[in-house]
Amino acid sequence: MSSGVSVQNNKIIMKSFYGFFIAALICSVATLEIPPNGNSRIVNGLNAANAPYNAHVLYLNSGNSGFFGGGSLISDRHVLTAAQNIAGFVRWEVGLGSTVYGQLMIQISTQAIAHPSFNMANRANDIGFIILPSPVVFTALVQPIQLPLSGRTLPYENEEGMVVGFGFNTVNGQVRSDFLKVGYQRVIGDSRCVGIYQITLPNHFCAEDTLQRSNVCNGDLGAGLVVSERRVETLVGIASLITHSCDSINPTGYTRVSAYRQWIRDNTGV
């Protein structure tokens, strides 16, 4: 499951390559192409158990072209995701309520807000939210995820988190997963993180899996990293940056949700 690449040259290459094969897969919906940072979902991941907050997000521009990514339900009307899934796009098809792709319940939204200071070049302030047209009904399969409490800078170094998604699950993969995949990553030190990505601390952090080498791939952009905070599953990161498609060696870069806690509250009421 890979979410994004910081190298701008990859943007042009990957967009032209994926525009052809994705269109063949989903031609009845739209012509899809790789996002500017172009990588997929969870490589080396396992089949995931129920993650009722998880959202699959198909995002499309005015020309009916786009790609897919992830998001996290934070209320009955709001899905938190990466700003790069929002900026420049006009329609979002949000799937909720299943670990099987074909069984997702879909809502189509035409309203979403990216952070006003989002910078595509370095992924600064890579956070935003989609507004669902109808409130979702909470069930055992659809539930919002807890956000960090105000004043707490999460996650901590070496803390383990979980990330899920329907994105590609093999290196150089070209087909999304039919089943929700999960990977477990630990937060690494900031000094190593800034040596890999052009980020602003503490608004980003990095995490990796040194055991199974699970990682974010294409189609996981915007997926949430969740930790157990005081025994409550809490959304602490939004997948924002990777170095290569389905890279299993280098860490994933995440937007730190706690750094934007007040912005989220001011704009969503959550």
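Because only heavy atoms are used, hydrogens play no part in the values below, and waters and symmetry mates are left out as well, while side chains stay in. Here the structure is a predicted model, which means the values were calculated and not measured. Starting from 1, each residue takes its place in the sequence as its number.
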What do the steps show when you test W92 against I86 for side-chain contact (heavy atoms from CB on, under 4.5 Å), and what is the final call? CA-CA 8 Å; W92 298 266; I86 294 175; 4.1 Å; yes
So, D126 versus S240: side-chain donor-acceptor pair below 3.5 Å or not? yes
Can you check whether L149 reaches E229 side chain to side chain, under 4.5 Å on heavy atoms? no
Closest heavy-atom pair, S72 versus I145, reported as atoms and distance to 0.1 Å, is CB-CG2, 4.1 Å
Just by distance, do the side chain of T153 and the backbone of A259 share a donor-acceptor pair under 3.5 Å? no
Closest non-hydrogen atom pair between V94 and V79, with its separation: CG1-CG2, 4.0 Å
Check T81 against G222 and note the closest heavy-atom contact, atom names and distance. OG1-CA, 3.6 Å
Where do D209 and N215 land on the side-chain contact (heavy atoms from CB on, under 4.5 Å) test, with the steps shown first? CA-CA 7 Å; D209 176 5; N215 208 352; over 6 Å; no
Criterion side-chain contact (heavy atoms from CB on, under 4.5 Å) on R230 and R152, from CA distance to verdict: CA-CA 12 Å; R230 299 179 179 179; R152 297 185 66 81; 2.9 Å; yes
Can you get from I188 to I238 by hopping between Ile, Leu, Val, Met, Phe, Trp and Tyr side chains that sit under 4.5 Å apart? no
With heavy-atom distances below 4.5 Å as the criterion, would you say the side chains of Q212 and Y184 are in contact? no
Looking at N125, is its backbone amide N or carbonyl O close enough to the side chain of N203 to form a donor-acceptor pair, meaning the two atoms are under 3.5 Å apart? no
Would you confirm whether R186, through its side chain, and N158, through its main-chain N or O, come within 3.5 Å as a donor-acceptor pair? yes
Donor-acceptor contact present, side-chain Q107 to main-chain S134, <3.5 Å: yes
Once you round to the nearest 0.5 Å, how far does OG1 of T99 lie from CG of L104? 9.0 Å
Distance-minimising heavy-atom pair for I106 and G95: CD1-CA, 3.5 Å
Any side-chain heavy-atom pair from Y59 and F67 closer than 4.5 angstrom? yes
Are any of the side-chain heavy atoms of N267 and F129 separated by less than 4.5 Å? yes
Under the side-chain contact (heavy atoms from CB on, under 4.5 Å) rule, what do I131 and H78 come out as? Steps first, then yes or no, please. CA-CA 5 Å; I131 303 171; H78 300 95; 4.1 Å; yes
Angle between ring planes, Y254 versus F205, binned at 30° and 60°: parallel, tilted or perpendicular? parallel
Check S75 against P144 and note the closest heavy-atom contact, atom names and distance. N-CB, 3.9 Å
Student check: side-chain heavy atoms of F118 and T255 closer than 4.5 Å: no
CG/L60 to OG1/T110 distance, rounded to the nearest 0.5 angstrom? 12.0 Å
Any non-hydrogen side-chain atom of V142 less than 4.5 Å from a side-chain atom of V137? no
Only one of V187, L241, L201, I199 passes side chain to side chain contact (heavy atoms under 4.5 Å, CB included) with C193, and that residue is I199
Applying a strict under-4.5 Å side-chain criterion to I, L, V, M, F, W and Y, I'd like to know whether M162 and F166 cluster together. yes
May I ask you to test the V257-V236 pair for a side-chain heavy-atom distance under 4.5 Å? no
Which value, rounded to the nearest 0.5 Å, describes the distance between Q111 atom CD and L132 atom CG? 10.0 Å
Could you check whether any side-chain heavy atom of Q143 comes within less than 4.5 Å of a side-chain heavy atom of E233, counting everything from C-beta outward? no
Quick one: pull up OH in Y101 and NE2 in H56 and give me the separation to the nearest 0.5 Å. 4.5 Å
Any donor-acceptor N/O pair, T234 side chain to V232 backbone, under 3.5 Å: yes
For the ring pair Y197 and H204, is the centre-to-centre distance below 6.0 Å? no
Can you measure from CD1 (I242) to CG (N250) and round to the nearest 0.5 angstrom? 10.0 Å
Return yes if some donor-acceptor pair links the side-chain N/O of T268 with the main-chain N/O of I264 below 3.5 Å, else return no. yes
For the CG atom of N119 and the CD atom of Q84, what is their distance to the nearest 0.5 Å? 11.0 Å
Which atom of Q103 lies closest to which atom of S98, heavy atoms considered: CB-OG, 3.5 Å
Applying the 4.5 Å side-chain criterion to the ILVMFWY set and letting contacts propagate, would L221 and V90 be lumped into a single cluster? no
